[in-house]
Trainee: 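Pasting a structure here, questions to come.
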Amino acid sequence: MKWTIARNAVHRAVPQPAAFAAAVDKANELQRAGEFAESERPYNEVLQHYPSHPDALNFLGVLRIRQQRMDDAIVLIEAAVKEAPDYVDAHINLGNAYKLLGRLDDAQRCYERALELRPCLLDALLNLAVVLEADGRIAEARAMYRRLLAASPPRRSTLFNYDRFLRRNSMSMTDIEEALNCFTAIFRHEPGDGPARSELGLMLYLLERRDEAAAVYRDWLAHEPHHPVARHMLAAAGGAPAPGRADDAFIKSTFDSFAASFDEMLVDNLNYVPPQRLLERTAPFLGNPNGRLSMLDAGCGTGLCGPLFRPFAAEPVGVDLSAGMLYRADGRGYDRLEVAELSDFLASAEARWEAVLLADTLIYFGDLRELFGRVASALVDGGLFGCTLEALPDEEDRFELSMSGRFRHSRRHVDNALSLAGFVDACVDQASLRQEAGRPVPGWIVVARRRDRAVSVERMRMTSQASVCVP
């Protein structure tokens, strides 16, 4: 969920000496360039001479927001508002700081005050819609978005936020159709907008309009012939041969750009539960949570498995191809994080891990036989393997690249790949892994162990709790 920060305004709260205005302008330019340490100095120099300078207080407060120092931001921006009560941008930024701290009532009050001062201010309307949704007031948020859409023409930020609002809160395919209209509007005004193409294709996928989605991706490739997302998604829509697995460029591009909003979009809004499902199935086999198992989280993403499995693990390692995702995983229970392609990492790991986990990772691999073999080689004898996959309802040994861009696997393909790799005592359960357009996405939760060594009862206690077991 995104909101806007009013940090680039040229509006001045009060008349001021030219030297102060120039210093604040310089600091703002440095802040926009991401040079946070350098931008702080001019703000402080102004405040040394004029401690209640509203612009310096407001924009230094914005810098604190970007540095995740919310309490400091609130003190600074509140001081700006006290000095200049009609300073609209400061009210918006103060609301943003409150929103990040979860103080939704305070945030709403700030945005409403900004709207009292400037009734048609789009930033305030958009931020208020975001806060209303976060507070669970969905009907009010929807009404606020529709008020925004009445602007002529609607802004790109409004359309993106409204699209995601509709996907999070869709009650029918009519909502998805409305989201599709948002991106059709973006295309009308910005026909070369790559992110809009991606969202447009996603809407068509949710509406199961495969041919139209393929046309969007072909058009995207005509403008950007080597774009990895367009190339992969064209195959997913049936417009090109499906690859054996998602290529590295697609994974990096997708997840580096998705990292900042991954947890919010999936966990908070789509009931994303692969880590929890995997813990439920593997915990009976892991033994006491005494922190002794050597454990690898392969394809760890933002580290959602980290805090769940940390009690069982000694110096757990996470590996992922996306550096952006690993940045988010830092501090979530791993002793080491590595940027690496999963197959290569497993091939070089040798037999060292007592447990290897792949939560929502294998959806980017087609044929599982080679990868399962590499997992087995990376495990000690008797080592535990746990993974989740999206389920393909088919009796045959097969897999397919679906329109979502993710692979789905049949039960027989999973069973055969496990057997060929030398896994035994395999248990395969079916469960929902997430929601899409209000519908559950079925998946497999797999637990197995590598053959050839007696496993101590204390280390892995195989139980009969799983519902489907393969001898």
Side-chain angles (χ1 to χ4, degrees), residues 1-132 134-135 144 155 157-158 161 260:
M1 190 180 305
K2 295 185 180 295
W3 58 94
T4 61
I5 294 179
R7 61 175 181 267
N8 299 327
V10 296
H11 163 73
R12 295 293 173 194
V14 294
Q16 56 191 279
F20 289 166
V24 171
D25 286 343
K26 176 183 177 182
N28 289 347
E29 183 178 345
L30 290 166
Q31 186 180 163
R32 285 193 293 269
E35 299 178 15
F36 296 162
E38 292 79 1
S39 71
E40 189 166 342
R41 190 177 304 110
Y43 294 131
N44 286 328
E45 288 173 355
V46 171
L47 292 171
Q48 283 176 1
H49 293 89
Y50 186 169
S52 58
H53 189 283
D55 287 323
L57 290 166
N58 175 46
F59 290 118
L60 182 56
V62 168
L63 178 62
R64 295 292 182 250
I65 291 176
R66 300 180 79 181
Q67 294 171 327
Q68 302 296 309
R69 295 168 58 179
M70 298 305 153
D71 291 335
D72 292 342
I74 286 173
V75 170
L76 288 162
I77 305 173
E78 281 184 339
V81 168
K82 182 178 180 180
E83 182 67 16
D86 294 343
Y87 194 176
V88 175
D89 294 337
H91 284 289
I92 292 176
N93 290 329
L94 183 58
N96 293 337
Y98 283 137
K99 162 66 171 67
L100 287 163
L101 285 174
R103 295 169 58 177
L104 301 182
D105 289 343
D106 289 328
Q108 180 178 345
R109 174 178 50 80
C110 292
Y111 299 139
E112 288 175 344
R113 175 56 180 154
L115 287 169
E116 288 173 8
L117 295 167
R118 202 180 302 171
C120 296
L121 185 61
L122 296 182
D123 282 349
L125 289 167
L126 178 55
N127 288 333
L128 184 54
V130 170
V131 165
L132 290 168
D135 200 30
M144 191 63 61
R155 294 191 309 178
S157 59
T158 299
N161 274 273

Trainee: Just verifying a value: how many Å separate Leu128 CG and Tyr111 OH, rounded to the nearest 0.5 Å?
Mentor: 8.5 Å
Trainee: Side-chain contact test, heavy atoms from C-beta onward, threshold under 4.5 Å: evaluate it for Ile74 versus Arg103 and give yes or no.
Mentor: yes
Trainee: First locate atom CD of Glu40, then atom CG of Leu30, and finally report the distance between them rounded to the nearest 0.5 Å.
Mentor: 11.5 Å
Trainee: Looking only at non-hydrogen atoms, find the nearest pair between Ile92 and Asp123 and report the distance.
Mentor: CD1-CB, 4.0 Å
Trainee: Kindly indicate whether the side chain of Ile65, heavy atoms from C-beta on, has any atom under 4.5 Å from the side chain of Ile77.
Mentor: yes
Trainee: Judged by modelled atom types alone, do Asp89 and Asn58 share a side-chain donor-acceptor pair under 3.5 Å?
Mentor: no
Trainee: Heavy-atom distance under 4.5 Å between the side chains of Glu83 and Tyr50, does that happen here?
Mentor: yes
Trainee: CG/Asp55 to CG/Asn28 distance, rounded to the nearest 0.5 angstrom?
Mentor: 8.0 Å
Trainee: Taking side-chain hydrogen bond (donor to acceptor under 3.5 Å, both in side chains) as the criterion, tell me which of Gln48, Gln31, Lys26, His53 meets it with Tyr43.
Mentor: Gln31
Trainee: Are Asp71 and Leu101 side-chain neighbours, meaning at least one heavy-atom pair lies under 4.5 Å?
Mentor: yes
Trainee: Compare every heavy atom of Arg113 with every heavy atom of Pro85, then report the nearest pair and how far apart it is.
Mentor: O-NH2, 3.9 Å
Trainee: Rounded to the nearest 0.5 Å, how far does CG of Leu47 lie from CG of Leu60?
Mentor: 6.5 Å
Trainee: Indicate yes or no: does Glu112 engage Arg109 in a salt bridge with an N to O separation below 4.0 Å.
Mentor: no
Trainee: Side-chain contact, heavy-atom cut-off 4.5 Å: Phe36 with Leu63?
Mentor: yes
